Novice: 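Quick one: the structure is below, questions incoming.
Computed from a prediction, not measured in an experiment: that's the story for all the values here. The chains referred to below are lettered A, B, ... by the order of the sequence lines, with proteins before strands, and numbering in each begins at 1.
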2 protein chains.
Amino acid sequence: MIQRKARAPRHTLDRATIAAAALELMDTDGIRSLTIRSLAARLSVAPMALYNHVRTKEEILDAAREHGLARLSVSAGTEGPWWDRIREINLAFHHALREHPSLVGLLVARPLGGNAPIDAAEAQLRVLVEAGFAPDDAARAHLTLLHYAIGSAAWTSPRVEPQAVGRELLERLPAERYPTFAALAAPLAEASYDPKQYAYGLDLLLAGLRAATTPSTHPDLRK
Amino acid sequence: MIQRKARAPRHTLDRATIAAAALELMDTDGIRSLTIRSLAARLSVAPMALYNHVRTKEEILDAAREHGLARLSVSAGTEGPWWDRIREINLAFHHALREHPSLVGLLVARPLGGNAPIDAAEAQLRVLVEAGFAPDDAARAHLTLLHYAIGSAAWTSPRVEPQAVGRELLERLPAERYPTFAALAAPLAEASYDPKQYAYGLDLLLAGLRAATTPSTHPDLRK
DNA sequence: ACCTGAACACCGTTCAAGT
DNA sequence: ACCTGAACACCGTTCAAGT
């Protein structure tokens, strides 16, 4: 009567299934809790079955990262001023990173080339070039936006410790040594967990870029 | 004649020594190669000796992160315009992160409160408040600068794979699908590994912040 | 008090075996 | 071809023992 160790059917596994399950497991339980054994259990399969589709655990992490980034659709239209289109691209990228808490860790730990989601990067570079940026400036602007999105997502996304830690530690700082910190504790705590904080910085960058492209009207803002 | 298993003297170990050795080992050999056993070997001590000064490996990682950040001296003077002082603080922070390749990984994996090097943060917040930023704007500006520095360091610092990978992969992209990428390959590759790339983005942010503080002269740059 | 060695429950991965 | 189980060399950590 007891059904024991039913053998898994012949083609229950493939790279995509493994990648999706791995990312899901990491998003919910944290990167550290992904092991060959835990992933196999989640897929109702013997640990060694995974090695028929993948050579190492590293390869699973790579596949999971690509799977997460694949969801990123580049929706920047061709309408409107260039800064609005850049804004849209970056908000979408940042949103994708925030949707998969484990994705940032995967990106930081192992690069995908040097320029993450290639489709989004191509779209962004095109907009910048069309806006009149010289090749060198377009490259630098693109990297700046990429870095800011990564950093914001990395610092904001849920980590090992619960988010409450940050707020508590912040409130426990000695006020006599850190007076400004203490005075700004409330707005800092709020902005730290405000989903719109990313957009604030993005708009600062865009303002800087716009100033750089119209030097004649704002000469004092040039580098 | 053969000296074997000499017992280590009584007080060869303490938290600071362990933290310094751990950070050094991670900086040179990568985060993954830090194990209790490898660290103990480097300190010429039995693995279990470490547990007299530390409760878990996590605690060693925390100590290593704090040790790396402790080197950050806040050198921003009180002279000059506020944007120059902000610039100095952030360049120093970014420089500290780049000096210890493993530090960024430690910061992203486990937060130190929500605001990394507290002394530097206090200094930066003070400058912003003195410059006339409202509490909420000062908090948002501070977080933006912090996130950008983290992201830039994270994306730029050496990873598991050699840096060459990025450049190679970038050159192998199909030019018909990614024409702008192909056209900008040279400036992108150069900017990607240019230590001054961080300063470029920092100056963009500062330009945006300056525009935000002088709304009367540049009304079109306001958010 | 602080360093040590053996042991335990994990982990990624190899190897030979099943179907 | 693809899934499986036993085994190996690791890992972090507990426990009892040395000095």
Side-chain angles (χ1 to χ4, degrees), chain A residues 2-23 25-26 28-65 102 105-106 109-110 159-161, chain B residues 2-23 25-26 28-65 102 105-106 109-110 159-161:
Chain A
I2 296 172
Q3 187 81 326
R4 53 167 58 202
K5 307 203 177 181
R7 198 182 175 90
R10 282 287 280 208
H11 288 86
T12 36
L13 249 42
D14 56 27
R15 259 186 92 93
T17 312
I18 293 174
L23 187 64
L25 200 157
M26 293 167 105
T28 53
D29 298 351
I31 289 189
R32 284 196 46 191
S33 69
L34 177 83
T35 68
I36 296 287
R37 285 165 168 90
S38 69
L39 181 57
R42 189 193 195 82
L43 291 164
S44 305
V45 125
M48 286 315 299
L50 300 174
Y51 284 88
N52 287 309
H53 305 88
V54 126
R55 255 198 323 265
T56 64
K57 186 187 178 183
E58 300 262 293
E59 222 174 286
I60 295 181
L61 294 177
D62 286 346
R65 184 201 52 199
S102 62
L106 293 176
R110 58 197 72 245
R159 332 283 179 86
V160 190
E161 308 280 328
Chain B
I2 296 172
Q3 190 79 324
R4 52 166 58 200
K5 307 203 176 181
R7 199 181 175 92
R10 283 286 280 208
H11 288 85
T12 35
L13 247 45
D14 57 28
R15 260 185 92 94
T17 312
I18 293 174
L23 186 64
L25 199 157
M26 294 167 104
T28 52
D29 299 351
I31 289 188
R32 286 196 46 192
S33 71
L34 178 83
T35 68
I36 296 287
R37 285 164 167 88
S38 69
L39 181 55
R42 189 192 195 80
L43 290 164
S44 306
V45 128
M48 287 316 298
L50 300 173
Y51 284 87
N52 288 309
H53 306 87
V54 126
R55 256 197 325 264
T56 64
K57 186 187 177 180
E58 300 262 292
E59 223 174 285
I60 295 180
L61 295 177
D62 286 345
R65 182 201 53 199
S102 61
L106 292 176
R110 57 197 70 243
R159 333 280 180 88
V160 192
E161 308 280 327

Novice: Do you know which two heavy atoms are closest between T56(A) and Y51(A), and how far apart they sit?
Specialist: CA-CE2, 4.4 Å
Novice: Would you say that L61(A) contacts I31(A) through its side chain, given a criterion of any heavy-atom pair below 4.5 Å between the two side chains?
Specialist: no
Novice: Over how many whole Å does the gap from N52(B) atom CG to dA17(D) atom C1' extend?
Specialist: 13 Å
Novice: Between L50(B) (CG) and dC11(D) (C1'), how many Å, whole number?
Specialist: 14 Å
Novice: How long is the line joining CD of E58(B) and C1' of dT13(D), in whole Å?
Specialist: 13 Å
Novice: Side chain of I36(B), heavy atoms from C-beta onward: which of dC3(D), dT13(D), dT4(C) has the nearest atom to it?
Specialist: dT13(D)
Novice: Mind pulling the stems DNA chain C is in, i.e. runs of at least three Watson-Crick or G-U pairs, everything under 3.5 Å?
Specialist: C:4-8 with D:12-16, C:12-16 with D:4-8
Novice: To the closest 0.5 Å, what do you measure between OG1 (T35(A)) and NZ (K57(A))?
Specialist: 6.5 Å
Novice: Among dG12(D), dC3(C), dT13(D), which is the nearest nucleotide to the side chain of A49(B)?
Specialist: dC3(C)
Novice: Of the listed nucleotides (dG18(C), dT13(C), dC3(C)), which one gets closest to any side-chain atom of K57(A)?
Specialist: dT13(C)
Novice: Find the distance L39(A):CG to dC11(C):P and express it as a whole number of Å.
Specialist: 12 Å
Novice: With heavy atoms under 4.0 Å as the rule, sort P47(B) into base, sugar-phosphate or nothing.
Specialist: nothing
Novice: Counting only side-chain heavy atoms from C-beta out, which of dC3(D), dC3(C), dC15(C) sits nearest to M48(A)?
Specialist: dC15(C)
Novice: Looking at every heavy atom in both A8(B) and V45(B), which two are closest together, and how far apart are they?
Specialist: CB-CG2, 4.0 Å
Novice: To the nearest angstrom, how far is R7(B) atom CZ from dA1(C) atom P?
Specialist: 15 Å
Novice: Using every non-hydrogen atom in the two residues, find where A21(B) and L43(B) come nearest and quote the distance to one decimal.
Specialist: CB-CD2, 3.8 Å
Novice: If the cut-off is 4.0 Å, is T12(B) near the phosphate of dC3(C), judged by side-chain N/O to OP1 or OP2?
Specialist: yes
Novice: Give me the atom names and distance for the closest heavy-atom approach of E59(A) to V54(A).
Specialist: OE2-CA, 3.9 Å
Novice: Do the side-chain N or O atoms of H53(B) get closer than 4.0 angstrom to the phosphate oxygens (OP1, OP2) of dC2(C)?
Specialist: no
Novice: Expressed in angstrom and rounded to an integer, what is the separation of I18(B) atom CD1 from dG12(D) atom C1'?
Specialist: 15 Å
Novice: Which residue lies toward the 5' end of DNA chain C, R37(B) or R10(A), if each is placed at its nearest nucleotide?
Specialist: R37(B)
Novice: Check whether any side-chain N or O of Y51(B) sits under 4.0 Å from OP1 or OP2 of dT14(D), and answer yes or no.
Specialist: no
Novice: Please report the interatomic distance OG(S38(B)) to CE(M26(B)), rounded to the nearest 0.5 Å.
Specialist: 9.5 Å
Novice: On the nucleotide dA1(D), are OP1 or OP2 found under 4.0 Å from the side-chain N or O atoms that H11(A) carries?
Specialist: no
